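None of these values were measured; they are calculated from a predicted model. Computation of the quantities below employed the complete heavy-atom set of this structure, encompassing side-chain atoms and omitting hydrogens, waters and symmetry-equivalent molecules.
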Amino acid sequence: MKLQEELENLSPIKSFRQNLEKNFFGRIHMRELEDDLVRERLLALDVECPFALTDLLFQLNTGNWGGFKQTDKSALNPFQKALFDLRSGTEPDLDIGELTFILNDTTIIISRIDHNSISDQLHEILNALADHLLHFSRGLSEWPFEIFVPIFEERHIEAGVPLFNQRKHLGYLKFWGLYFDSDEQTDPVIYDLEERSIVEGDFYLLNA
């Protein structure tokens with residue numbers, strides 16, 4: 001049975017979707033990703049949330065959204081637990097290849113850089129969105145309509161080494177790609193998290 005059929009029929013996958021919909025206050029759409037460079041079967045999740053970005057980050061901070069605020073820091077968060085249960089009910093090599101939050105005013109696309117990278121680092125990525133909001137929104141004057149997490153700036157790529165092999169080292173919190181309506185160029189601009197600024201330069205998306 002192909003995974004796309006399993007997405008509609010297997011009870012562990014239905015439970016996985018329902019758990020995420022409950023914690024993310026949205027509708028979940030799932031599909032299988034094709035990636036010849038990895039052995040795992042990869043899922044792409046599209047999460048439609050009825051919030052603007054600022055509302056989502058407020059709900060995240062209060063602990064109402066996502067279930068990330070826990071007393072026991074060593075415990076799995078709801079996303080990690082849902083993925084663990086899904087693997088137990090289907091196959092252990094299943095992983096999240098892409099997670100997209102479709103909000104009222106922007107879309108956030110998070111790509112896998114290593115096994116469990118999205119589920120393990122999602123809370124950190126969301127906290128970084130809150131921390132950098134003032135800077136990547138150009139002083140709250142303009143919202144990007146798409147945010148790619150991460151991208152890789154050309155000058156930081158090691159020549160002769162496939163980008164896939166450099167993902168884990170480069171990480172999620174160095175560079176993001178932003179699309180703005182006002183920018184004449186068709187490519188997204190680069191947001192440098194360390195400098196807290198939008199910079200010029202060439203880059204690669206994760207699936208390059």
Side-chain angles (χ1 to χ4, degrees), residues 15-30 43-86 95-151 170-180 188-198 206:
S15 296
F16 175 73
R17 179 192 290 116
Q18 290 169 355
N19 286 334
L20 293 188
E21 288 180 339
K22 176 183 177 182
N23 284 290
F24 290 145
F25 302 171
R27 293 179 57 83
I28 305 289
H29 303 280
M30 294 190 289
L43 278 178
L45 305 181
D46 296 334
V47 186
E48 296 182 3
C49 294
F51 299 120
L53 178 57
T54 52
D55 296 328
L56 183 146
L57 296 176
F58 174 78
Q59 296 293 337
L60 172 71
N61 185 59
T62 61
N64 294 327
W65 185 88
F68 293 105
K69 283 202 170 183
Q70 304 175 86
T71 303
D72 184 0
K73 299 300 183 182
S74 65
L76 297 177
N77 66 51
F79 190 19
Q80 292 171 315
K81 179 66 164 57
L83 182 58
F84 176 84
D85 291 342
L86 175 61
D95 199 11
I96 308 302
E98 183 178 275
L99 175 62
T100 300
F101 290 104
I102 304 168
L103 309 180
N104 291 343
D105 56 355
T106 193
T107 298
I108 305 163
I109 302 100
I110 304 171
S111 298
R112 178 183 187 269
I113 58 175
D114 196 26
H115 183 68
N116 283 340
S117 62
I118 293 179
S119 58
D120 287 353
Q121 298 183 57
L122 177 59
H123 192 199
E124 185 178 9
I125 294 168
L126 293 168
N127 282 336
L129 279 166
D131 185 39
H132 291 264
L133 179 64
L134 177 66
H135 305 282
F136 70 70
S137 64
R138 293 172 167 166
L140 303 181
S141 66
E142 186 176 8
W143 300 102
F145 66 86
E146 282 186 322
I147 304 172
F148 290 90
V149 181
I151 61 170
L170 293 168
Y172 283 112
L173 303 181
K174 293 185 182 296
F175 302 104
W176 295 346
L178 311 176
Y179 272 110
F180 289 97
V189 298
I190 298 170
Y191 178 72
D192 184 329
L193 279 79
E194 292 183 358
E195 298 295 329
R196 293 180 177 265
S197 63
I198 293 173
L206 189 64

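- L60 is listed as a side-chain neighbour of H123, based on a closest heavy-atom distance under 4.5 Å.
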F24 vs F101, ring-ring contact (aromatic ring centres under 6.0 Å, His included): CA-CA, chis, key distance, verdict: CA-CA 9 Å; F24 290 145; F101 290 104; 5.4 Å; yes
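- D46 meets the side chain to side chain contact (heavy atoms under 4.5 Å, CB included) test with H29, R31, T100, I102; sequence neighbours excluded.
- More than 12 heavy atoms of other shown residues, nucleotides or ligands fall within 6.0 angstrom of atom CZ in F145.
- Taken from CG in L140 to NE2 in H135, the straight-line distance is 9.5 Å, to the nearest 0.5 Å.
- A distance-only check finds a donor-acceptor pair linking the side chain of N19 to the backbone of S15 [under 3.5 Å].
- Between W176 and F148, the distance separating the two ring centers is not shorter than 6.0 angstrom.
- Residues T107 and Y179 form no side-chain contact, since every pair of their non-hydrogen atoms from C-beta on lies 4.5 Å or further apart.
- Separation of atoms CG (L178) and CD (E146) is listed at 10.5 Å; rounding is to 0.5 Å.
- You'll find the side chain of F180 reaches within 4.5 Å of the side chain of R138, heavy atoms only.
- Under the 3.5 Å distance criterion, the side-chain polar atoms of Y172 are left unmatched by any main-chain donor or acceptor of I110.
- Between F79 and L20 there is a side-chain heavy-atom pair separated by less than 4.5 Å.
- Taking every heavy atom of both residues into account, H115 and D95 meet most closely at CA-OD2, 3.5 Å.
- Shortest non-hydrogen contact noted between L173 and A128 is CD2-CB, 3.8 Å.
- Here the side chains of L129 and L57 are in contact, with some heavy-atom distance below 4.5 Å.
- Nearest approach of P78 to G67, heavy atoms of both residues: CD-O, 3.0 Å.
- Residues I147 and F136 meet the side-chain proximity criterion, which asks for heavy atoms closer than 4.5 Å.
- How far CG of L99 is from CD1 of I28: 8.0 Å, rounded to the nearest 0.5 Å.
- Across L103 and A52, no two heavy atoms sit closer than the pair CD1-C, 4.5 Å.
- The shortest non-hydrogen separation linking P150 to I113 is CG-CG2, 4.1 Å.
- Note that CZ of F58 and CG of N64 are 7.5 Å apart. Values are rounded to the nearest 0.5 Å.
- Side-chain N or O atoms of D114 include none that pairs as donor or acceptor with a backbone N or O of S117 at under 3.5 Å.
- Summarising the geometry, atom CG belonging to N23 is positioned 9.0 Å from atom CG belonging to N77; distances are rounded to the nearest 0.5 Å.
- A salt bridge does not link D192 with R196: every distance from a Lys NZ or Arg NE/NH1/NH2 to an Asp or Glu carboxylate oxygen is 4.0 Å or more.
- Distance alone, capped at 3.5 Å, places no donor-acceptor pair between the N116 side chain and the S119 backbone.
- Proximity of Y191 to L193: side-chain heavy atoms (C-beta onward) are separated by under 4.5 Å at one or more points.
- Closest approach of S111 and E98 over heavy atoms only: OG-OE1, 4.3 Å.
- For the atom pair N104 CG and W143 CH2, the distance stands at 12.5 Å (nearest 0.5 Å).
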